[in-house]
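The structure under discussion appears below in the form of structure tokens.
For reference, positions follow the sequence shown, starting with 1. Everything quoted here is computed from the prediction, not taken from an experiment.
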Amino acid sequence: MRYYEDSIAFLGQWGRFQTVVFFLLSASIVPNGFGAFNLVFLTDIPSHHCRVRDVNLTEDWQKNIIPFKVVDGKPELSRCSRYRLDVVRNLSAQGLLPDKDVNLTDLEQEACVDGWIYNTDIYQATIVSEFDLVCDDEWKQPFSASVFFLGSLCGSFMSGQLSDRFGRKPVLFVTIILQTICTFAQVYSTSWLMFTILLFINGLGQISNFVAALVLGAEVLTDKVRVLYSSLGTCFGFALGYMMLPLFAYFIRDWRYLLLALSVVGAAYLPAWWLIPESPRWLLSQGRVKEAEAIVKKAAKWNKLQTPAIIFEESCYNETKTDVKEKYNVLDLLKSQARGTTLIVSLVSFTITAGYFGLSFDTPQLHTNPFVSCFISAAVEFPAYVSSWLALLYLPRRLSVVGSLFIGAVPLFLIQLVPQELSYLSLSLEMLGKYGFTSGLSMMFAYTAELYPTPLRNTATGTTGTVSRLGSCIAPFMLKMRLWFKYLPYILLGTLSILSAFAAFFLPETLGQPLPENFEQMQRGKGMMCPCVNGGKKKRTQRVAKQSNIAYSV
């Protein structure tokens, strides 16, 4: 297991086998782009006002029974109150006219006891209009997003350990099925509580699918193809789903039909089970050498290559079989070899995720049309992912992450210096900040997987992902802080980013190093070579010299 890349070097980097794995795994991320942001449309609050069931009113009183309130300098109908219906009915019966015979400001008001009427110019229905999540129940609208991210948080923690124990492939497809079923079941939700419970379970599957696909591809692919997959393949799959979401939502304005369409996309992926292999690296770490050899032989057949008589040396197999007796869990992340790295990676991931989701959910400011807003926010991610890919290929990991944090932080401090009349400049700075956080998020997925040994890699990715999900949970509440001071969310995010950037300087550098296979290699910061593969110390020295010109990554 420790010498996997040497043993499969005969396969090459980019053949038919690698192409199938690359594109199928990237495609499995597309539904995650839907799932992460569909709440932007599902929970949007349409304009609304109180319903008036009594029609025995004069035309003047029907027009004036809803009081007007000034919001942002503009008058609009009150969303949560009306004049008392019994009083208005009595005044109407007497033939009195509003604002002439009766001073409306003196009339007593009451809540919307008969429900609400919702504007349908943008949406036919959302869960807000379906379950009346307004006025006294308006807290349920942002809480729905928090429930989803709490599900993602739990999924990050659980999926990593499950994947390290039962394999990457089973967890990937089980979570795809879970995500698809829950999305489909939400269509038939009869209450907000039912919808929210299914939303939590959906969050479990959403992030678990992403982490499993990321690690599976990182362990099957090698060298620069691995860099391409981890930085562009997975991220482009996510961004593609994110960009397709507003197109679906534009043509499907009812939340139930929108979820039904999104669930079909996930179901269409299930036949890929017969094309995507299990990770040979993981199989070898479990001592299942024959199964790993079978996958490598199948790959050689797909690539039309001759398979060596011996793929994995017996001595390496025996050593791996001995190593597998030691089981790892999340507590191993706090061992002396990994403690500092884990704490810093958790802090950086938390900050980047909070910035990414905070600015993503802030996109309604970009345009009065929510579909255009969402599309612009998604489009910004493509150049960010290309930048992260180039950085992973040619720049040190540590400096790249630090740079992305500074790019995310500096525009947030500058926004408060922009005059109010230059709103487009403020929006450009906000999108530049999102560009920085998005590129940093992409690099952290790859960087994290490079830092930890194979038996603990998925657990580490999932656990640090769990901490990062705390950032997504607090992001909506952080945006609410603008009620006290308009620029407070930007100042908090910017300050946290600067602190995380300084902490990231203490992370190990992994550029030009093979993936570590045990704690010893993690501590040394580079892989050790097996004499049974390279033929001794001399060949190992030659290989290390050669590696200085190759960018290894996840």
Residues forming a side-chain contact (heavy atoms from CB on, under 4.5 Å) with [X], sequence neighbours excluded:
| X | value |
| --- | --- |
| Ser208 | Ser159, Thr175 |
| Leu507 | Thr341, Ile344, Val345, Tyr447, Ala504 |
| Phe406 | Val402, Ile498, Ala501 |
| Leu240 | Val30, Met244 |

Do [X] side-chain atoms and [Y] backbone N/O form a donor-acceptor pair below 3.5 Å?
| X | Y | value |
| --- | --- | --- |
| Thr438 | Tyr435 | no |
| Thr180 | Ile176 | yes |
| Ser439 | Gly436 | yes |
| Trp273 | Lys169 | no |

TODO: For Phe200, check ring-ring contact (aromatic ring centres under 6.0 Å, His included) against everything at least two apart and list the hits.
DONE: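 Scan of Phe200 (ring-ring contact (aromatic ring centres under 6.0 Å, His included), adjacent residues dropped) gives none.
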TODO: Just jot down the ring-ring contact (aromatic ring centres under 6.0 Å, His included) partners of Tyr118, sequence neighbours excluded, or say none.
DONE: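 By the ring-ring contact (aromatic ring centres under 6.0 Å, His included) rule, Tyr118 matches His48.
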Non-hydrogen side-chain atoms of [X] and [Y] separated by less than 4.5 Å:
| X | Y | result |
| --- | --- | --- |
| Val128 | Pro46 | yes |
| Asn209 | Leu172 | yes |
| Gln179 | Asn32 | yes |
| Val174 | Val171 | no |
| Arg79 | Ser47 | yes |
| Val52 | Trp61 | no |
| Val21 | Tyr229 | no |

Looking only at non-hydrogen atoms, find the nearest pair between [X] and [Y] and report the distance.
| X | Y | answer |
| --- | --- | --- |
| Ser377 | Tyr242 | OG-OH, 2.8 Å |
| Thr126 | Asp44 | OG1-O, 3.1 Å |
| Ala378 | Lys434 | N-NZ, 4.5 Å |
| Asp132 | Ser129 | OD1-O, 3.7 Å |
| Pro98 | Asn64 | CG-ND2, 3.7 Å |
| Leu245 | Phe41 | CG-CE1, 3.8 Å |

Is the distance between the ring centroids of [Y] and [X] under 6.0 Å?
| X | Y | answer |
| --- | --- | --- |
| Tyr385 | Phe238 | no |
| Trp255 | Phe195 | yes |
| Phe437 | Phe357 | no |
| Tyr490 | Phe413 | no |
| Tyr188 | Phe184 | yes |

Working to the nearest 0.5 angstrom, can you tell me the gap between [X] [atom1] and [Y] [atom2]?
| X | Y | atom1 | atom2 | result |
| --- | --- | --- | --- | --- |
| Leu493 | Leu488 | CG | CG | 9.5 Å |
| Glu138 | Ile45 | CD | CD1 | 4.5 Å |
| Leu193 | Leu198 | CG | CG | 9.5 Å |
| Ser152 | Asn202 | OG | CG | 8.5 Å |
| Leu42 | Leu258 | CG | CG | 5.5 Å |
| Trp116 | Cys80 | CH2 | SG | 7.0 Å |

Open item on the list: Regarding Cys50 and Cys112, I want to know if their SG-SG distance comes in below 2.5 Å, which is how I'm defining a disulfide.
Closed with: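 Yes, disulfide present: SG-SG under 2.5 Å.
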Task: No-hydrogen, no-angle side-chain donor-acceptor test under 3.5 Å, Ser144 and Trp192 - done: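 Judged by distance alone, the side chains do pair up.
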Task: Derivation and outcome, side chain to side chain contact (heavy atoms under 4.5 Å, CB included), residues Tyr356 and Glu381 - done: CA-CA 10 Å; Tyr356 172 77; Glu381 302 202 358; 2.4 Å; yes
TODO: Kindly state each residue pair satisfying side-chain hydrogen bond (donor to acceptor under 3.5 Å, both in side chains) with at least one member in residues 256-272, sequence neighbours excluded.
DONE: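 Residue pairs passing side-chain hydrogen bond (donor to acceptor under 3.5 Å, both in side chains), neighbours aside: Glu130-Arg256.
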- [ ] Sorted by first residue and then second, give each side-chain hydrogen bond (donor to acceptor under 3.5 Å, both in side chains) pair with at least one member in residues 492-501; sequence neighbours left out.
- [x]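 Only Thr351-Ser500 qualify under side-chain hydrogen bond (donor to acceptor under 3.5 Å, both in side chains).
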TODO: Please assess Thr183 against Asn38 for the test side chain to side chain contact (heavy atoms under 4.5 Å, CB included), listing each intermediate value before the final yes or no.
DONE: CA-CA 11 Å; Thr183 302; Asn38 62 20; 5.8 Å; no
- [ ] Step through the shown structure and confirm whether more than 12 heavy atoms of other residues, nucleotides or ligands are within 6.0 Å of CG on Asp136.
- [x]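 Incorrect, the count does not exceed 12.
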Open item on the list: Are more than 12 heavy atoms, taken from residues, nucleotides or ligands other than Phe22, located less than 6.0 Å from that residue's CZ atom?
Closed with: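 It does: Phe22 CZ has more than 12 such atoms within range.
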TODO: Mark yes or no: Arg253 above the aromatic ring of Tyr250, with NZ or CZ under 6.0 Å from the six-membered ring centre and no more than 45 degrees from the axis.
DONE: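 Verdict for Tyr250: a cation-pi partner in Arg253.
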TODO: Using the test side-chain hydrogen bond (donor to acceptor under 3.5 Å, both in side chains), find all partners of Gln109 that sit at least two apart in sequence or belong to another chain.
DONE: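 Residues passing side-chain hydrogen bond (donor to acceptor under 3.5 Å, both in side chains) with Gln109: Ser81.
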Open item on the list: Test of understanding: with disulfide (SG to SG under 2.5 Å), list the residues that count as partners of Cys182, not counting sequence neighbours.
Closed with: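 Here no residue qualifies.
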Task: salt bridge (Lys or Arg N to Asp or Glu O under 4.0 Å) partners of Arg84, counting only residues at least two apart - done: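 Only Asp86, Glu108 meet the salt bridge (Lys or Arg N to Asp or Glu O under 4.0 Å) criterion with Arg84.
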Task: Residues that Arg82 engages under salt bridge (Lys or Arg N to Asp or Glu O under 4.0 Å), provided they are two or more places apart - done: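 Only Glu110, Asp114 meet the salt bridge (Lys or Arg N to Asp or Glu O under 4.0 Å) criterion with Arg82.
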TODO: Output, in order, the C-alpha distance, side-chain angles, deciding distance and verdict of side chain to side chain contact (heavy atoms under 4.5 Å, CB included) for Thr234 and Leu25.
DONE: CA-CA 7 Å; Thr234 57; Leu25 286 178; over 6 Å; no
TODO: Test Leu199 against Leu39 for side chain to side chain contact (heavy atoms under 4.5 Å, CB included), laying out the working first.
DONE: CA-CA 10 Å; Leu199 188 63; Leu39 290 175; 4.1 Å; yes
